Amino acid sequence: GLVSVRTAQAVSFALAGGAMALTLQLGWRATLAHLGFLAAGWAYNLGLKGTPASVLCYVVGFGLLPAIVTLALPDPRLPAAWVIASAALLGVAAHFANVLPDLEGDRQLGIRGLPQLAGRRPSVAVLSVALLLCGALVLIGPQSFDIPRLFAVGLVSVLALTSWWLGTTRAPSALLFRLILAAAILIVALLGFAGRQLLA
């Protein structure tokens with residue numbers, strides 16, 4: 001109650017406009033990808049959060065993030081399909097991980113997104129599989145099987161499987177969230193080091 005709805009709306013619109021204005025400097029293609037990213041987030045907050053389509057907002061939003069980067073290059077190009085797919089899977093994992101601690105509270109509030117409908121154990125399974133698939137894509141996609149990459153993907157797999165075990169045997173905890181976050185950071189790092197292999 002400290003901030004009025006009208007003020008929150010005004011700030012939201014101002015920030016969205018500012019974000020788009022800043023992205024215009026990267027070219028119209030990157031701006032269009034950024035617009036899609038913002039639209040996915042707004043669609044989630046404006047109603048899709050409480051529907052089974054909630055995960056689609058994360059799939060679209062995260063999937064577009066690499067495109068903002070590659071379309072801002074002097075020679076704008078779309079990301080490779082494996083990059084878009086791995087980013088989208090990371091979005092799936094992020095969505096289910098983010099909702100896990102609040103599942104019961106969300107249900108009491110009538111929020112019926114996909115994780116709330118699925119429940120705790122299926123949600124943990126979905127996010128763990130998404131991380132495993134993501135790790136496989138960032139290994140196979142660049143076709144670069146050097147030792148550091150193999151080690152990092154192996155660590156992602158260990159973290160994903162440990163997250164699955166923790167999430168199915170006990171209530172969601174700070175440790176579970178840290179493990180998922182660590183796996184996500186490793187995946188983002190692997191994408192970052194892929195260099196020009198990110199391009200289609």
Side-chain angles (χ1 to χ4, degrees), residues 3-103 105-107 109-118 123 126-127 129-131 133-134 137-138 141 177 180-181 183-185 187-188 190-192 194 198-200:
V3 179
S4 69
V5 172
R6 183 171 292 181
T7 300
Q9 289 173 338
V11 171
S12 296
F13 282 114
L15 290 174
M20 295 309 300
L22 288 170
T23 314
L24 276 170
Q25 301 174 62
L26 303 176
W28 67 268
R29 295 175 182 85
T31 302
L32 197 60
H34 192 195
L35 179 61
F37 168 77
L38 288 176
W42 277 62
Y44 182 82
N45 287 329
L46 290 174
L48 289 182
K49 174 182 180 177
T51 73
S54 60
V55 70
L56 293 179
C57 300
Y58 277 78
V59 168
V60 172
F62 274 67
L64 283 171
L65 275 173
I68 298 171
V69 176
T70 62
L71 291 173
L73 293 171
D75 176 24
R77 287 167 62 183
L78 286 170
W82 68 268
V83 176
I84 296 171
S86 60
L89 284 167
L90 195 55
V92 172
H95 179 38
F96 281 82
N98 188 49
V99 171
L100 265 182
D102 305 314
L103 276 178
D106 285 347
R107 283 174 176 164
L109 292 172
I111 298 172
R112 295 290 183 267
L114 192 57
Q116 289 89 352
L117 291 172
S123 291
V126 167
L127 75 87
V129 169
L131 288 173
L133 291 173
C134 203
L137 282 172
V138 297
F177 193 77
I180 296 165
L181 185 61
I185 289 170
I187 289 166
V188 171
L190 288 168
L191 286 170
L198 293 174
L199 302 174

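Source: prediction; values computed, not measured.
- The distance from atom OG of S54 to atom CZ of R112, rounded to the nearest 0.5 Å, is 12.5 Å.
- With rounding to the nearest 0.5 Å, the separation of CD1 in I84 from OG1 in T70 is 7.5 Å.
- Here the CG-CG distance, from L199 to L71, works out to 9.5 Å after rounding to the nearest 0.5 Å.
- L90 has its side chain within reach of V188: a pair of non-hydrogen atoms, C-beta onward, lies under 4.5 Å apart.
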* To do: Report the C-alpha distance between V60 and L64 in whole Å, list the side-chain angles of each, state the deciding distance to 0.1 Å, and finish with yes or no for side-chain contact (heavy atoms from CB on, under 4.5 Å).
  => CA-CA 6 Å; V60 172; L64 283 171; 3.9 Å; yes

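- Counting heavy atoms from C-beta on, the side chains of L89 and L137 come closer than 4.5 Å.
- Between L191 and P66, every side-chain heavy-atom pair lies at or beyond the 4.5 Å cut-off.
- When side chains are defined from C-beta on, L15 counts as touching V11, because their heavy atoms get closer than 4.5 Å.
- In this structure, CZ on R77 lies 12.5 Å from CZ on R29, to the nearest 0.5 angstrom.
- Across A16 and W42, no two heavy atoms sit closer than the pair CB-CZ2, 4.0 Å.
- The minimum heavy-atom distance linking M20 with L38 is given by the pair SD-CD1, 3.4 Å.
- The shortest non-hydrogen separation linking A8 to V3 is N-CG1, 4.1 Å.
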* Can V99 and D106 be said to form a side-chain contact (heavy atoms from CB on, under 4.5 Å), step by step? -> CA-CA 8 Å; V99 171; D106 285 347; 3.9 Å; yes

* What do the steps show when you test D102 against I111 for side-chain contact (heavy atoms from CB on, under 4.5 Å), and what is the final call? -> CA-CA 10 Å; D102 305 314; I111 298 172; over 6 Å; no

* Where do F62 and V92 land on the side-chain contact (heavy atoms from CB on, under 4.5 Å) test, with the steps shown first? -> CA-CA 9 Å; F62 274 67; V92 172; over 6 Å; no

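- For the atom pair CG (L127) and CG (L100), the distance works out to 6.0 Å, reported to the nearest 0.5 Å.
- Here the two rings, on Y44 and Y58, have centers that are under 6.0 Å apart.
- Rounding to the nearest 0.5 angstrom, the gap separating the CH2 atom in W82 from the SG atom in C134 is 9.5 Å.
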